[in-house]
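Inspection log for the structure reproduced underneath, given as C-alpha cells.
Keep in mind that the numbers below use all heavy atoms, side chains included, and drop hydrogens, waters and symmetry copies.
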Amino acid sequence: MSLSIEVLASPAEYQARAPQGYAGQACVVFDVLRATSVMVTGLANGAAGFLPVAEISEALAWHQKEPTLLLAGEREGLRITAAQSGSVEFDLGNSPREYTAARVHGRTIVTTTTNGTRALRSCATAELVLAGAFLNLGATVRWLVGQSFQSVVLVCAGTGESVAFEDVLCAGALCDQLTKAKRDCHLDDAALLAWRAYREAASDLVAVVSASKNGRRLSANPELRDDVAFCLRQDVFDLVGVRADDGAIRAVRI
C-alpha cells in the first residue's frame, strides 16, 4: 500500500486547510523550538498528558475546574506571567529542560503557546494526531509504518504567521526516514523541498538552526540558548505523543 506524504510548511497553509479538514488522514505536528519538543520530553519524564489550548483564558478555565493541573506555556517565548494571565504565574514555561521528572511525573499539564498548540488544534478532524520532534523521530516513523494510513500530513507550526526553518527540517527528516522504512512513498512538492533541505543540513543541524530566526532568538537569551541543541538531539526518546480521545497528548511507548 502506497503512502502519500504532504507538508504544510506555514500557519497560512494549515489555516487554509481547515475547511477541508483531514478526514481519514494522520497528522504529525512539529514545533521543534519548542512546544512539541516540550511535550515529548515531559511525557518521557512521566507526565500524564498535555492538554493543548489556544488561549491563556482557556488554560485558566481548565485550571479552575481542575486545580491539580499544571499551567504551562509561553508568549513571545517566555513563561506566562501573572500580569499576562491577569491572575496567576504559570508553573512552567516552554523550555523542555524545565520538564524534569521531579516537576511533571504523574501530572497533567494544560499548555498554551503561540504556534504549537494552535497547530495541534488545527488538526482536530484528523483520524490520528502525533506531536513530533527530532527527540522522538524514529519512534514516530515506526508508529506510522505500523499503521494503515494511506495519507500523512506533516504540519509545521511556524513562528507567528511565518515558516519556521527548524519545523521544515524536522518534517524533512521524517520524510527521509519514512522513505527508507517504506519504499512506496509519494511526496508532494513541499515534502520534497523539506526532505532536500534536511539532507543538506543534516551534517550540522545545530549550526544551521542556530542561524534561523528562532535559533537566534533563543541563543540571545542566556537562560534559553541551550534549548536549541537540546531540541535537535535525534531519537532520544522511544515514545510517540498521540492525541487521545479527550484531546490530550499522551505517551505511547514502543
Side-chain angles (χ1 to χ4, degrees), residues 5 7-14 28-45 74-79 93-100 113-116 119 130-141 154-181 187-239 241:
I5 305 173
V7 168
L8 301 180
S10 71
E13 291 180 54
Y14 60 75
V28 185
V29 177
F30 300 100
D31 189 348
V32 173
L33 297 178
R34 297 161 287 163
T36 54
S37 297
V38 160
M39 292 178 186
V40 170
T41 302
L43 293 172
N45 286 329
E74 56 79 24
R75 289 297 183 269
E76 298 183 2
L78 302 176
R79 181 162 55 96
N94 199 38
S95 170
R97 294 176 294 117
E98 295 179 69
Y99 290 71
T100 62
T113 68
T114 309
N115 280 69
L130 306 179
F134 282 107
L135 295 166
N136 70 333
L137 196 67
T140 301
V141 169
L154 309 183
V155 179
C156 300
T159 300
E161 298 306 318
S162 302
V163 173
F165 191 28
E166 64 277 4
D167 296 344
V168 174
L169 289 175
C170 201
L174 189 139
C175 290
D176 189 61
Q177 290 201 20
L178 266 180
T179 54
K180 292 173 181 174
L187 281 64
D188 77 351
D189 283 1
L192 285 169
L193 283 168
W195 186 24
R196 288 182 178 275
Y198 168 71
R199 293 178 68 180
E200 181 72 22
S203 62
D204 199 356
L205 271 179
V206 173
V208 172
V209 172
S210 293
S212 71
K213 179 178 180 179
N214 279 330
R216 294 194 307 271
R217 176 176 55 83
L218 291 171
S219 296
N221 185 326
E223 294 183 4
L224 301 179
R225 62 173 55 132
D226 289 342
D227 284 354
V228 178
F230 184 102
C231 293
L232 296 177
R233 297 177 303 153
Q234 195 159 314
D235 297 332
V236 177
F237 303 125
D238 203 22
L239 63 84

dist Leu174:CG -> Leu169:CG (nearest 0.5 Å) comes out at 13.0 Å

Output for pair (Leu178 CG, Leu187 CG), nearest 0.5 Å, gives 8.5 Å

Taking distance alone, no hydrogens or angles, what donor-acceptor pairs closer than 3.5 Å link side-chain atoms of residues 188-203 to residues at least two apart or in another chain?
from	atom 1	to	atom 2	distance (Å)
Asp188	OD1	Ala190	N	3.3
Asp188	OD1	Ala191	N	2.7
Trp195	NE1	Asp176	OD1	2.9

Passing candidate, side chain to side chain contact (heavy atoms under 4.5 Å, CB included) with Asn94, options Val38, Leu33, Asp31 | Val38

Which residues share a side-chain contact (heavy atoms from CB on, under 4.5 Å) with Asn45, sequence neighbours left out | Thr41, Ala101, Val104

Glu98 side-chain N/O to Gly93 backbone N/O, donor-acceptor pair under 3.5 Å | yes

Looking only at heavy atoms, what is the nearest atom pair of Ala181 and Val141, with distance?
-> CB-CG1, 4.2 Å

Sequence neighbours excluded - side chain to side chain donor-acceptor pair (under 3.5 Å) pairs with any residue from residues 218-238 | Arg34-Asp227, Ser95-Asp227, Arg97-Asp227, Arg142-Asp238

Apply side chain to side chain donor-acceptor pair (under 3.5 Å) to Asn214 and Thr159, showing your working.
-> CA-CA 8 Å; Asn214 279 330; Thr159 300; 2.6 Å; yes

Considering only heavy atoms from C-beta outward, does the side chain of Phe237 approach that of Leu43 to under 4.5 Å?
-> no

What's the spacing between Asn115 CG and Phe30 CZ if we round to 0.5 Å?
-> 15.5 Å

Nearest heavy atoms of Asp167 and Val32, plus distance in Å | OD1-N, 2.8 Å

Heavy-atom closest pair, residues Leu224 and Gly77 | CD1-O, 4.0 Å

Closest heavy-atom pair, Ala133 versus Val40, reported as atoms and distance to 0.1 Å, is CB-CG2, 4.3 Å

Identify the heavy atoms of Cys231 and Pro96 that sit nearest to each other, and give their distance.
-> SG-CG, 3.7 Å

Locate the shortest heavy-atom distance separating Ser212 from Phe165; write the atom from each residue and the value.
-> CB-CB, 4.1 Å

Test item: Val236 and Phe134 side chains (from C-beta on) under 4.5 Å apart, heavy atoms = no

Beyond-backbone contact of Cys170 with Leu137, side-chain heavy atoms, under 4.5 angstrom = yes

Check: Cys156 main-chain N/O paired with Tyr14 side-chain donor or acceptor under 3.5 Å = no

Does Ser210 reach the main-chain N or O of Ala207 with its side chain, forming a donor-acceptor pair under 3.5 Å?
-> no

Evaluation steps, side chain to side chain contact (heavy atoms under 4.5 Å, CB included), between Val209 and Val228 = CA-CA 8 Å; Val209 172; Val228 178; 4.3 Å; yes

Please check if the side chain of Arg79 supplies one atom and the backbone of Glu74 the other of a donor-acceptor pair under 3.5 Å.
-> no

Above 12 or not: heavy atoms from other molecules or residues under 6.0 Å from CD of Glu161?
-> yes

